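Given the structure is predicted, the values throughout are model-derived calculations rather than measurements.
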Amino acid sequence: MKFGKVAAPETIDFTISTRPAEVPTENQTTGLAPIYIGATGWSMKQWVGKWYPPGTKATDFLEEYGRLFNTIELNTTHYRIPTFEQVEKWCDQVPEDFRFCPKIPQRISHAKDLGLGSGLIGQTSEAFDRFGHKLGCCFVQLPPYFGYDRLNLLELFLEAWPKSLPIAVEFRHESWFTSPERIDQWIEVLKAHGATAVITDVAGRRDVMHMQLSSARTMVRWVGNGLIESDYERLADWVEIFRQWKLMETYIFPHQPDNLLAPEAAYWLAERLQATDWANTRGPKPYEEPPPDQLALF
């Protein structure tokens, strides 16, 4: 993820400057807080032998990914709308507790009218509806040039998006974050449409780490820097924040350069969440050779 990337991340002050939002009781779970941890793709041959079993074929990558993670930031849908058959095939390859978080196609998110006049919103929502109970939260990544002056257009898009399909919005243009009053305004728009505000934790743009909530779920796109010391400190901060929030649904996607070290970050995070008495999650574990069959020794 190039957005917010810096040459010397070790020099960045990652202190959370914005106080985490207060959570209405109705948005909190009374049981264990479900936390979904995922990467940004499953087609990583570099994971074979360390995370995927040795010899895993590319056709089996998604099945092995689903064994390790319980969600995915599905970027392939950013480039094309999947067929119904493709969605159903993906769903058949992952466990029941797995949740897909598909990205809205760029033909919508990067269009001047957010796809309102194209018919693509209907086509996309019909395809995403095929995920059924394995749909987590769709999300629209607004381009860097989509500014606060287009808030009304965003509201029209949210009105057009089916309420049956959860959706989150990621803002990138600096104008969305210039004042608390401005943030409050777009948060209220998201609340009115049941939409989630994506929180992006990245070195070069600390303003997008806004710590606001607009629904009973959150989606955090967390960008690491090669597992330097601050990566672990930041993940530990998120464990505490998630404990405070205890939302109905939490999604966090650890990014790492070239996606290579994403399982390591997810493993570290999942281990600490699983050690608590308030979170329900699962995450990757390094591949281990099964013990030899004792009978084979004789």
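For Arg217, the side chain to side chain donor-acceptor pair (under 3.5 Å) partners at least two apart in sequence or on another chain are Glu249. Annotation: salt bridge (Lys or Arg N to Asp or Glu O under 4.0 Å) contacts of Lys134 (sequence neighbours excluded): Glu96. Remark: Arg234 pairs with Asp201, Asp231 by the salt bridge (Lys or Arg N to Asp or Glu O under 4.0 Å) rule, at least two apart or across chains. Scored by the side chain to side chain donor-acceptor pair (under 3.5 Å) test, Trp268 finds no partners at all (sequence neighbours excluded).
Taking the six-membered ring where the residue is Trp, the centroids of Trp186 and Phe171 are separated by under 6.0 Å. Between Trp51 and Tyr287, the ring centre distance reaches or exceeds 6.0 Å.
Of the N and O atoms on the side chains of Thr196 and Ser215, at least one donor lies less than 3.5 Å from an acceptor on the other residue. With 3.5 Å as the limit, one finds a donor-acceptor pair spanning the side chains of Glu170 and Thr200.
By the 4.5 Å heavy-atom criterion applied to side chains, Arg205 and Glu174 are counted as neighbours. Taking the side chain as every heavy atom from C-beta outward, Leu116 and Leu153 approach each other to under 4.5 Å.
Among residue pairs with one or both ends in residues 106-140, those qualifying as ring pair (Phe, Tyr, Trp, His ring centres under 6.0 Å) are His78-His110, Phe100-Phe131; sequence neighbours excluded.
In this structure, CG in Leu74 is found 10.5 Å from OG1 in Thr40, a value given to the nearest 0.5 Å. Note that CD1 of Ile199 and CD1 of Ile241 are 7.5 Å apart. Values are rounded to the nearest 0.5 Å. With rounding to the nearest 0.5 angstrom, the OG1 atom of Thr124 is 8.0 Å from the CZ atom of Arg107. Interatomic distance, Thr18 OG1 to Gln212 CD, rounded to the nearest 0.5 Å: 7.0 Å. Atom CZ of Arg206 and atom CD1 of Ile16 lie 7.5 Å apart (nearest 0.5 Å).
For Thr276 against Leu273, the heavy-atom pair with the smallest separation is OG1-O, 2.7 Å.
Cation-pi contact between Arg99 and Tyr36: absent, since separation from the ring centre below 6.0 Å together with deviation from the ring axis within 45° is not met. The cationic atom of Arg182 (NZ for Lys, CZ for Arg) lies less than 6.0 Å from the six-membered ring centre of Tyr148 and within 45° of the ring axis.
Side-chain N or O atoms of Ser214 include one that pairs as donor or acceptor with a backbone N or O of Ala197 at under 3.5 Å. Panel note: side chain His173, backbone Ser175; a donor-acceptor pair is recorded below 3.5 Å. At least one donor-acceptor pair closer than 3.5 Å links the side chain of Asp113 to the backbone N or O of Gly115. In this structure, Thr15 contributes its side chain and Ser17 its backbone to no donor-acceptor pair below 3.5 Å.
Taking the six-membered ring where tryptophan is involved, the planes of Tyr52 and Trp47 are perpendicular, since the angle between them exceeds 60° and thus also 30°. Ring planes of Trp90 and Trp42: perpendicular class, angle over 60° (limits at 30 and 60°).
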Worksheet entry | Working for side-chain contact (heavy atoms from CB on, under 4.5 Å), residues Ile37 and Tyr251 | CA-CA 6 Å; Ile37 304 173; Tyr251 296 90; over 6 Å; no
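Listed by chain and number, the hydrophobic cluster partners of Tyr79 come to none, as no ILVMFWY side chain reaches under 4.5 Å of it.
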